[in-house]
Amino acid sequence: MLGFAKGLGYTLKKLSEKKITTLYPDVPYQMPPRFRGIQHFSPEKCIVCNQCARVCPTECIQLTGRSHPDPDKKGKIIDTYDINFEICILCDLCTEVCPTEAIVMTNNFELAAYSRDELYKDLKWLDDNNTNVREEN
Amino acid sequence: MPTPFSTGIRTEEMVLNIGPQHPSTHGVFRLVVKIDGETIKEAVPVMGYLHRGTEKLAENLTYTQIIPYTDRIDYLSSMTNNYVLCHAVETLMGLSIPEKAEFLRVIVMEMNRIASHLVWWGTYLLDIGAIGPFLYAFRDRETIINLFNELSGARLTYNYMRIGGVKWDAPPGWIEKAKEFVQYLKSELPNYHVLVSGNEIFQSRITGIGTYSRQDALDHSLSGVMLRCTGENWDIRKNEPYSIYDRFEFDVPVATEGDCLSRYHLRLQEIEQSIRILEQALDQFPEEGEVMGKVPKVIRPPVGEVYVRIEAPRGELGVYIASQGKDKPWRFKLRRPSFVNLQILPKLLEGVNMSNMVAILGSIDIVVGEVDA
Amino acid sequence: MSSWLEQAPSLTNVLHYSLAAVALLLVVLGFVTYAIYFERKVIGWMQLRPGPNRVGPLGLLQTISDVTKLLLKEDTRPKHADKALFTLAPILAYSPAFAVLAVMPFTDTIQFADLGVGVLYYIALSSITVMGVITAGWASNNKYSLIGGMRSAAQMISYEVPLVMSVVGIILMTGSLNLKDIVYAQQDVWNIVPQFLGFIVFLIAAQAELNRSPFDLPEAESELVAGYHVEYSGFRFAMFMLAEYVYMFGMGTLIVVLFLGGWLPIHPSLDFIPPIIWFIIKFMFYVFLQFWLRATMPRFRADQLMGFAWKVLLPVALFNIMLTAFVITYQNGFM
């Protein structure tokens, strides 16, 4: 009969122990530096190489480019850049292949929205999402 | 022929639909049972509610792109899934992996095994009616998840391994934190036994139920703990060492009873053995070295096929890849241990009491994501 | 208070009595509200989390908001449920739970009816609840609730036997079924000491009667989803929950009266503390034990449960009766 008494002792001991829960969402939850949150996109760095769209396993990135407004310069600049966060799995592959680090991860992770439409993030939104940007990509 | 106690009341069997939404089917798994009173006459598992067609999807994805999909098969031990895919492609291409990457892989796989068994422990006790252990198990699992979060940047779907190595090196101080955790868990594990294993109600509840013989286990091609609880000493880490498991000393816990209690104890003993492996691996961890081997920019395995298997927390996890020399597999097949282990369930449930149903189902340790793929 | 009962029923008399009953109901409701809060807090602390802390200061208004939510919910009833019985079941389960409190002596002055057969009254009335549970299980027209209802009927009837048997020892010692007499008989030593075996049997059987952990099979969440009240929602569900907690109140009171000396102080020198405080302290211990068990224990298995009642508890209770009878006969000098 001793077995369950020991168990009762264990739970009683836990009664006064320090609580391990965090105060999220009152206090923001600090993610480690490598955390893969929502992407930040800086249009000026993008060279429209399309690698991110190609490597994406769920094909959630759609982008279009146009030729450089300055006719002397070669290459393209980005025109539209959309990520569909309904299907994005935050796998990190797009930031891994990006040669210019135009697309990088941030530590922000709160994506809840009332409408699915809000989950389509466009270039401007991704550009403005520039807090807690990840250092190494 | 009326029995002495026959009352002449007509009784009939009842079909009870358990799931797909049910607290103890661990996800969207459905079980149709025919019960007579509280005795189960027949049980038919119905699966496929979480089927995402991973195998078919993989045929249209490059090898690197498949890795995040494997995270989502057995979502409680993504690291082993990551590994088995990378291991298969590396075997097919004959790549060699840097030593440091191998160490990191073994460390994360063993940690993930512990995390997976902790979840099992907590939820199994929750099925049996004890609410406390769940929280204690998740407290310890949280530490592992935080370590993985620091290492790979995600808490559940790590996408950590790459073909030819791993994505990240351990951040500064990570190995020390891992060592600290291993020591902590080593001292905490006896408390699990104090809290649960010694409880007489718990023991009497799961001793001698869900029993099957070694032959049954082999006939149903069970693996992992489901096989080892019948006395068969089979652990792929020992019998067909992959990665660098041959460098570490550990035992394979084996039981002979083949009942739910023996499976319970085997899983807890496996945590102890994983701790042993972790201690050695963390001590021998090379400070210097690359974490990514020399890999061609586009991964195109040669024409051919390969089947590799590893010991996942739930049993033998295998990957079969048929390659036509393209950057995408021609055929991709997973041997999912949860799916295979589940096949013995109708046999185990026949003739048992309803209240044993959850105890038996829980002891198989299924992850519905893996059953349905 | 009891003197009112002996007077001729006049309007003021009846009014007074009704008001007192309402007051008791409010006390009981207050107890239930904060028992649930306390339960969630204690279990939370044991599981290393703070428990409810969002609604009101320290989460004190949590249960109130929960109950308000239940009362405001739509009253749903399954299409094929038996309408009359479905409505009747919660009432059948709850009314006896409140009625048993009438005989409880909280102190030597606070008691509603000083029945000569108090113990019998409690046990007789509390068995009516089984009817409510089984009616609910059957009327819901749901397979889970049917199994849950059958389980609880079997469990509650089986465990009632050892429960009654374990009290017989006390009745033999006191020579009365009156709860007040039983308390007065504990002036020198509480019944828990001479009747320790009876106490253990009573404690275990009471857990099963209350459907609380580790005997919470009728509502075994992991097997039967919620047992007999799976189809109930809104205030009907609240009635079942209320019945459960009021029974906890009743059983706590009974165990304090029968075994822990009721309102008597632990030592005569401590009688400057008012008797009601003594009562509450002892009562709290019992309630805490409930929560503590719930945080620790796994559930019994249905088939082992019945075996335990008939093969272990009942023989022990019978042995206790025999032992008590022998000792009393010996003391009286008949042997």
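Chain A is the first sequence line, chain B the second, and so forth, proteins listed ahead of strands; every chain is numbered from 1.
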Please enumerate all residues that pass side chain to side chain donor-acceptor pair (under 3.5 Å) together with A/Tyr120, with sequence neighbours excluded. A/Asn84
Contacting moiety of C/Phe291, where chain A heavy atoms sit under 4.5 Å: neither
Main-chain N/O of A/Ser16 paired to C/Trp45 side chain as donor or acceptor, under 3.5 Å: no
Is A/Lys18 in contact with chain C via its backbone, its side chain, both, or neither, using a 4.5 Å heavy-atom distance? backbone
Distance col, row C/Lys41:NZ vs A/Leu15:CG, nearest 0.5 angstrom, shows 12.0 Å
Answer yes or no: are there more than 12 heavy-atom neighbours, outside C/Lys311 itself, under 6.0 Å from its atom NZ? no
Between atom CZ of C/Arg49 and atom OG1 of A/Thr22, what is the distance when rounded to the nearest 0.5 Å? 13.5 Å
Within 6.0 Å of CZ in C/Phe285, more than 12 heavy atoms from elsewhere: no
Under 4.5 Å between any side-chain heavy atoms of A/Glu17 and C/Leu48, yes or no? yes
Are A/Leu12 and C/Thr296 packed together at the side-chain level, in the sense that at least one heavy-atom pair is separated by less than 4.5 angstrom? no
Heavy-atom neighbours of C/Tyr34 OH exceed 12 at 6.0 Å: yes
More than 12 heavy atoms of other groups within 6.0 Å of A/Glu59 CD: no
Within a 6.0 Å radius of atom CG on C/Leu58, are there more than 12 heavy atoms belonging to other residues, nucleotides or ligands? no
